[in-house]
Amino acid sequence: MIKVGIVGGTGYTGVELLRLLAQHPQVDVAVITSRSEAGIKVSDMYPNLRGHYDQLAFSVPDAATLGACDAVFFATPHGVAHALAGELLAAGTKVIDLSADFRLQDAEEWANWYGQPHGAPELLGEAVYGLPEVNREKIKAARLIAVPGCYPTAAQLGLLPLLEAGLADTSRLIADCKSGVSGAGRGAKVGSLFCEAGESMMAYSVKGHRHLPEISQGLRRASGGDIGLTFVPHLTPMIRGIHATLYATVADKSVDLQSLYEQRYANEPFVDVMPAGSHPETRSVRGANVCRLAIHRPQGGDLVVVLSVIDNLVKGASGQAVQNLNILFGFDERMGLAHAGMMP
Ligand SMILES: NC(=O)C1=CN([C@@H]2O[C@H](COP(=O)(O)OP(=O)(O)OC[C@H]3O[C@@H](n4cnc5c(N)ncnc54)[C@H](OP(=O)(O)O)[C@@H]3O)[C@@H](O)[C@H]2O)C=CC1
Ligand SMILES: CC(=O)N[C@@H](CCC(=O)OP(=O)(O)O)C(=O)O
């Protein structure tokens, strides 16, 4: 049994961690922080967790208490893990960061996209990008994990097989992505109001979204060369889910792309390559730590369309974080994550 802490326990990814860890046989959640709800019992705030964490209350983040844990999750806005990770690592605590603080390898690029200086560039060298389908061996030996963003998880898992095989024109890739509103977090924002987002759909950040450099970094690693990617995120009237429609030009029509994807993900417990011609739905992964993919080549042309769906709060955040924890501590990778998606 290991002891874990969660910094940022009242946000959407924090409470999703609690939901998943409630069924994890090897994890005891010892500390959960919130500055605004300190002193409140978890089960008083989240009735779905009654019977699971009845003695646990939110507390103000404190490095000494967190440093007594085996691992600490950061489910906080950018910059918080920068400030605390070094101290926790020095105390021998592993850090699993759900924010973007350690996802980009280049501190200057991070500062440009996130509009603030990087708070812990000295830790970047050891941070491991926590996409198990790419970095499983590195994760096993890591102390600091940067859990990928939600759009980057859906986009990379959908495009990696084509790029690793050197099949796609890497100068012209398109990721047309739709997210549920929980992707914006629990904080009050006009754009997240039911009257604003409840029955409407819009693209945003077309000029440049902070997930663009993260997706490009991963695709560069996969292809070994430069990436020309257009990434357009959209806000859609659903609570959870990401649907990524990915476009790539693949001139070689002789390749069996279905087999390529099936072989690439044959041993991956959380990537499901659907039968040829499928149209995965976000509700099929709702609550589940799964990415479902379908590969299409419309009219047999050179444009390949890959459909990729995840739950932004599970494979796109907290589920992937638990998957990383399992790998890090040598548990079965599926532990605590055996949830099927929710239909309807
Ligand atoms: N929502 C999603 O789908 C995804 C989110 N992420 C990332 O995960 C992280 C958390 O996201 P989400 O759960 O949506 O965020 P929320 O806004 O819903 O929650 C943020 C949490 O962090 C706490 N917090 C805020 N500021 C600080 C601070 N300075 N120090 C300590 N705690 C703080 C808040 O509690 P309090 O203020 O009371 O302390 C709250 O519990 C973000 O970095 C986000 O980008 C990643 C992938 C997907
Ligand atoms: C719908 C929505 O607003 N989504 C968020 C991205 C989700 C997320 O939290 O990503 P990070 O972990 O990288 O911050 C956005 O576009 O900013």
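Indexing begins at 1, ligand by ligand and atom by atom, following the structure's order.
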Under 6.0 Å between ring centres, would you say that holds for His78 and Trp113? no

Is there a nitrogen or oxygen of Glu37 sitting under 3.5 Å from a nitrogen or oxygen of ligand 1? no

Evaluating non-hydrogen atoms only, which member of Glu16, Arg103, Arg35 is closest to atom 29 (N) of ligand 1? Arg35

Flag the pair Glu164 and Arg221 as a salt bridge only when some basic side-chain nitrogen lies within less than 4.0 angstrom of an acidic carboxylate oxygen. yes

Return the CG to CG distance between Leu163 and Leu219, rounded to the nearest 0.5 Å. 5.5 Å

Nearest 0.5 Å, what's the NZ-OG1 distance between Lys178 and Thr245? 4.5 Å

How long is the gap from CD on Glu196 to CG on Leu235, to the nearest 0.5 Å? 10.5 Å

Just by distance, with hydrogens left out, do Tyr129 and Glu214 show a side-chain donor and acceptor under 3.5 Å apart? yes

Can you check which of Asp101, Thr33, Thr76 brings a heavy atom nearest to atom 43 (O) of ligand 1? Thr76

Based purely on interatomic distance, does Ala317 place a nitrogen or oxygen under 3.5 Å from a nitrogen or oxygen of ligand 1? no

Sort out the contact shell of ligand 2: every protein residue with a heavy-atom distance below 4.0 Å, listed by chain and number. His78, Arg103, Cys150, Tyr151, Ser179, Gly180, Gly183, Ala184, Tyr204, His209, Arg210, His211, Leu235

Where is the nearest protein heavy atom to atom 14 (O) of ligand 1: which residue, which atom, and how far? Gly185 CA, 3.1 Å

So between Ala75, Gly14, Ser318, whose heavy atom ends up nearest atom 21 (C) of ligand 1? Ala75

My understanding is that only one of Val304, Leu303, Leu167 makes a side chain to side chain contact (heavy atoms under 4.5 Å, CB included) with Thr249; could you say which? Leu303

Counting heavy atoms only, which of Asn312, Ile6, Ile242 is nearest atom 3 (O) of ligand 1? Asn312

Can you name the residues that form a salt bridge (Lys or Arg N to Asp or Glu O under 4.0 Å) with Arg292, not counting sequence neighbours? Asp272

